[in-house]
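Keep in mind it's a predicted model, so treat the numbers as computed, not measured. Chain letters run A, B, ... following the sequence lines, proteins first and then strands; every chain starts at 1.
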Amino acid sequence: MLERDFFLRNTHTVAQELLGKYLYRQIDGQLFRGIISETEAYHGPEDLACHCAKGKTPRTEVMFEKGGKIYVYLIYGMYDMLNFTTMEEGFPAAVLIRGVMQPEILQDGKFVPLPVKTDGPGKLTKHFRITRELNKNLIHPKTGLWVEESRIKPVEIIRTPRIGVDYAGPWKEKPWRYLIKKL
DNA sequence: TATACGATCACCT
DNA sequence: GGTGATCGTATAC
């Protein structure tokens, strides 16, 4: 599994290096995994697209803590969004996991394809059963959500502006969305 | 206490 | 291309 140190670095570095790694989810005796294929960086109090730009609140508090924890929040009244916090204590930042490819489930000791779409942040959390109960927990097998290395090295990664942040003024155009163009 | 709206998705035309 | 679902959070009173 990835150690906590991995997440204590610059948010953009983390967002980029998460691509191609395995996201694991264990719950109720089931084990899911998928290759992280799309992320977005939300970095620092000045980033108006980041929830943390409005200061520390009960919801965003975890982003101000030492990185390596899970930040899950509800959006549009129906979708849970999965984030991994980054950076050292005191600097609020997180990476939004927007999607994974090749979702699988462990069956009889081997991973088999899971016939669902996990190519959006809401779809990912729905199928991997990721909810706000995980909020503020460590990214670790004992909480049922963690990341592992894979042998996959993305051939080409592209950057685009982030999705759904039109309200963020000049920050909406920053190319802080990272996705695998070619495996 | 009340109100407005969002880091989305599925379904419609 | 557009819209409705649905509710926690932030903000305003």
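- The distance between atom CG of A:L96 and atom C1' of B:dT8, rounded to the nearest whole Å, is 11 Å.
- Residue A:R98 has a polar side-chain atom (N or O) positioned under 4.0 Å from OP1 or OP2 of B:dT8.
- In the set C:dA10, B:dT8, B:dA7, the nucleotide with an atom closest to the side chain of A:C50 is B:dA7.
- Residue A:R177 is classed as having no contact, given no heavy-atom separation below 4.0 Å to the nucleic acid.
- Regarding contacts with the backbone of B:dT8, every side-chain N or O of A:Y79 stays at 4.0 angstrom or more from both OP1 and OP2.
- In this entry the distance linking NZ of A:K174 with P of B:dA7 reads 18 Å, nearest Å.
- Nearest to the side-chain atoms of A:T57 among the listed nucleotides C:dT6, B:dA10, C:dA10 stands C:dA10.
- Not one side-chain nitrogen or oxygen of A:H51 sits closer than 4.0 Å to the OP1 or OP2 atom of C:dT9.
- Between the CD atom of A:E61 and the P atom of C:dA10 there is a distance of 12 Å, rounded to whole Å.
- Using a 4.5 Å cut-off on side-chain heavy atoms (C-beta onward), A:F84 and A:Y71 make no contact.
- Atom CZ of A:R132 and atom P of C:dT6 are 15 Å apart (whole Å).
- Note: CG (A:L124) to C1' (B:dC9) measures 14 Å, nearest angstrom.
- Nearest nucleotide to the side chain of A:K54, out of B:dT8, B:dA7, C:dT11: C:dT11.
- Taking atom CG of residue A:D80 and atom P of nucleotide C:dT6, one finds them 15 Å apart after rounding to whole Å.
- A:I75 places its CD1 atom 16 Å from the C1' atom of C:dG4, with the value rounded to the nearest Å.
- In this structure, A:G122 reaches the sugar-phosphate backbone alone: every heavy-atom distance under 4.0 Å involves primed, P, OP1 or OP2 atoms, never a base.
- For B:dA7, there is no paired nucleotide, since no Watson-Crick or G-U wobble pair has both relevant distances below 3.5 Å.
- Remark: ring of A:Y73 does not overlap the six-membered base ring of C:dG8 in a stacked fashion, as centroids less than 5.5 Å apart with planes less than 30° apart are not both met.
- For the C1' atoms, the distance linking B:dC5 with C:dT3 amounts to 16 Å, nearest Å.
- The side-chain heavy atoms of A:L8 and A:T86, taken from C-beta on, include no pair separated by under 4.5 Å.
- Relative to the side chain of A:K123, the nucleotides C:dG8, B:dA10, B:dT8 differ in distance, and B:dA10 lies closest.
- Nucleotides C:dT6 and B:dA2 place their P atoms 22 Å apart, quoted to the nearest Å.
- When distances are taken from the side chain of A:L74 to each of C:dA10, C:dC7, B:dA10, the shortest belongs to C:dC7.
- If you check C:dT6 for Watson-Crick or wobble pairing at under 3.5 angstrom, you find it has no partner at all.
- Because its NZ or CZ atom is both nearer than 6.0 Å to the ring centre of A:F6 and within 45° of the ring axis, A:R9 counts as a cation-pi partner of that residue.
- For A:M78, the side-chain atoms get nearest to C:dT6 when compared with the rest of C:dG8, C:dT6, B:dT8.
- For A:L48 and C:dA10, the CG to P distance is 16 Å, given to the nearest whole Å.
- Contact between the side-chain N/O atoms of A:Y167 and the OP1/OP2 oxygens of B:dA7 is found at a separation under 4.0 Å.
- For the residue pair A:W146 and A:E148, a side-chain donor N or O sits within less than 3.5 Å of a side-chain acceptor on the partner.
- Side-chain contact of A:Y42 with A:E40: a donor-acceptor pair under 3.5 Å is present, judged by distance alone.
- In this structure, A:R98 forms no cation-pi arrangement with A:Y178, as its terminal cationic atom is not both closer than 6.0 Å to the ring centre and no more than 45° off the ring axis.
- Using a 4.0 Å heavy-atom cutoff across all strands shown, A:R59 reaches sugar-phosphate atoms only and no base atom.
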